[in-house]
Amino acid sequence: MSGFTSLLLSVLGVFALALVVRLVVRNRDRVAFASALVFIGVIVSAVGLSFDLPLTDDLILMIFLPTIIFHGTTIINVRELWRNTSLIVVLTVVGLPLSVVILGVVGTVSFGFPLLVALLFATIILPTDPAAVLSIFDELDVAEQLAVTIEGESLLNDGVAVVIFSAVISAFEASGSVTALATPGALIAIAGDIVIVGGGGLALGMVVGYLAHIVMRRLDDEMSILLLTVLVAYGSFLLAEHFLGMSGILAVVGAGLLMGAHEETHHKMSTSESHVQELWTTAAFLVTTMLYVLIGAEIRIDTFLGNAGLVVSAAILVVIVRAATIYPLVSGTNLIRSQQVPLYCQHVMVWGGLHTVVPVALVLSLPQGFPFREELQVMVFGVAVISIVVQGLLMPAVLTRLGLGDSSGG
């Protein structure tokens with residue numbers, strides 16, 4: 001059997017399983033499809049089966065993630081996003097680095113890791129995942145302000161996480177320790193990287209997206225619009241990431257916001273643009289379907305059980321650390337914002353911080369020879385599965401209990 005035939009059979013096998021899952025859960029209001037997909041992937045691994053589709057960091061970051069992010073930005077409510085920009089920026093620029101420090105310090109005790117490794121684990125696992133969040137919220141009728149805030153934070157914090165991740169890896173490669181990161185100069189350099197690499201990528205994407213938006217408004221050919229959107233989504237990523245040294249993820253965010261979710265497009269979307277957006281919705285659905293099944297299937301049950309205590313404690317700490325930053329930061333921004341986020345919405349923000357696709361991609365990119373590399377991979381995959389299965393499956397119950405969502409729309 002040729003390699004291509006084997007690959008095609010694996011892809012069809014994933015989608016066949018996904019179809020079965022969809023048929024089972026489609027009328028079950030309280031079961032999130034994404035959570036069920038990861039769970040079925042774990043079962044596949046548990047019975048000794050595997051797909052000939054190995055996950056790699058390049059596959060996730062360069063192929064799958066631009067599709068997911070671009071689709072998410074083209075359907076998000078830009079007006080609501082703008083109203084919540086201050087909160088989203090605080091959660092991303094202040095909240096994420098603060099969470100990394102807290103979990104890193106606590107991890108030296110809880111996991112027995114050196115500070116370098118504990119900080120790296122925190123950097124990898126803490127960014128919330130747009131793929132997971134968008135997939136779960138697509139199943140549920142969530143209040144728009146809350147959904148946009150969580151989605152906006154998820155779309156932005158990946159770029160910041162990658163900058164911090166790169167800084168920690170560079171410190172390891174340079175000296176094997178994090179002492180170099182503790183100096184004021186190093187901290188200023190990291191902050192500068194966040195502004196230049198992250199902000200530069202976002203700005204670049206916005207320019208590309210706006211120019212593409214102008215061109216798109218002059219097109220009435222559906223196929224031309226589709227080709228333009230593909231070029232913008234992947235071209236902005238490659239231009240920023242591989243040619244200009246900026247954040248490709250944030251470039252896609254900026255391009256999608258200015259090209260597809262511009263308020264003029266929402267109010268005056270042509271029939272062709274509407275059809276193209278439906279195609280992106282389909283593409284994002286297929287990509288996330290494959291990702292969730294493969295992430296679950298990558299779990300090695302014997303290794304997971306052998307490190308169950310470590311994985312479970314990490315999953316619990318991740319939620320606790322997120323709560324330790326969400327509540328004070330949101331409460332603080334409430335003092336200066338006219339549009340307040342009530343406490344019960346903050347509960348959902350804590351519980352809705354799912355950690356799957358991006359953390360998996362980052363841990364797969366760790367260089368060979370990095371200390372505790374195998375343990376980190378087991379922990380990240382384990383936390384990713386626990387996050388989306390446990391938190392995802394309980395999300396409808398949490399929203400119903402708080403009176404925020406109606407899960408009847410899945």
Side-chain angles (χ1 to χ4, degrees), residues 69 72 76 80-107 118-134 137 145-168 181 187-188 190-195 197-199 201-202 247 249-250 253 314-337 339-359 362 383 387 391:
I69 291 179
I76 200 169
E80 191 67 41
L81 181 67
W82 178 253
R83 281 195 287 265
N84 290 276
T85 297
S86 59
L87 174 59
I88 292 170
V89 169
V90 168
L91 292 177
T92 302
V93 179
V94 179
L96 182 60
L98 180 61
S99 299
V100 168
V101 172
I102 294 173
L103 183 57
V105 172
V106 173
L119 283 172
L120 189 69
F121 170 72
T123 303
I124 292 171
I125 200 62
L126 283 173
T128 54
D129 184 6
V133 173
L134 293 172
F137 278 15
Q145 180 198 5
L146 178 61
V148 168
T149 300
I150 295 179
E151 291 172 14
E153 178 201 1
S154 298
L155 290 168
L156 290 179
N157 64 16
D158 297 328
V160 175
V162 171
V163 174
I164 300 174
F165 175 84
S166 299
V168 177
L181 295 176
L187 295 177
I188 292 173
I190 292 175
D193 284 344
I194 292 174
V195 174
V197 177
L202 183 64
S247 171
I249 293 175
L250 289 176
V253 172
I316 294 173
L317 278 176
V318 166
V319 176
I320 292 174
V321 169
R322 180 164 173 81
T325 54
I326 288 291
Y327 290 122
L329 289 179
V330 175
S331 298
T333 54
N334 277 345
L335 299 176
I336 59 175
R337 296 176 69 241
Q339 193 170 16
Q340 308 246 318
V341 179
L343 184 60
Y344 55 84
C345 288
Q346 296 176 41
H347 299 331
V348 180
M349 293 176 68
V350 171
W351 194 252
L354 308 182
H355 315 267
T356 50
V357 175
V358 173
L362 291 179
V383 172
S387 171
Q391 291 175 242

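As a basis for the values below, the full set of heavy atoms in this structure was taken, side chains included, without hydrogen atoms, waters or symmetry mates.
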Check whether any side-chain N or O of [X] sits under 3.5 Å from a backbone N or O of [Y] as a donor-acceptor pair, and report yes or no.
| X | Y | result |
| --- | --- | --- |
| E80 | V148 | no |
| N334 | Q340 | no |
| S387 | H355 | yes |
| S331 | P328 | no |

Between [atom1] of [X] and [atom2] of [Y], what distance do you get to the nearest 0.5 Å?
| X | Y | atom1 | atom2 | value |
| --- | --- | --- | --- | --- |
| Y327 | Q346 | OH | CD | 7.0 Å |
| E151 | N84 | CD | CG | 11.5 Å |
| D129 | S154 | CG | OG | 7.0 Å |
| C345 | I326 | SG | CD1 | 12.0 Å |
| E153 | D158 | CD | CG | 10.0 Å |
| L120 | I125 | CG | CD1 | 11.0 Å |

With a 4.5 Å heavy-atom cut-off, do [X] and [Y] have their side chains touching?
| X | Y | answer |
| --- | --- | --- |
| L91 | V330 | yes |
| T128 | V358 | no |
| P97 | I164 | yes |
| L156 | I249 | no |
| F121 | L126 | no |

On a heavy-atom basis, which atom in [X] and which in [Y] lie closest, and how many Å separate them?
| X | Y | result |
| --- | --- | --- |
| S247 | G198 | CB-CA, 4.1 Å |
| G95 | T325 | O-CG2, 4.1 Å |
| A314 | V383 | CB-CG2, 3.8 Å |
| G104 | A122 | N-CB, 3.9 Å |

- Take L81 and I88 through the test side chain to side chain contact (heavy atoms under 4.5 Å, CB included) and record every step on the way to the result. CA-CA 9 Å; L81 181 67; I88 292 170; 3.4 Å; yes
- Of I124, V160, L119, which is the lone residue that meets side-chain contact (heavy atoms from CB on, under 4.5 Å) with F165? I124
- V341 and its side-chain contact (heavy atoms from CB on, under 4.5 Å) partner, picked from L87, V348, T333: L87
- Task: Please determine, by modelled atom types, if S99 and R322 share a side-chain donor-acceptor pair under 3.5 angstrom.
- Result: no
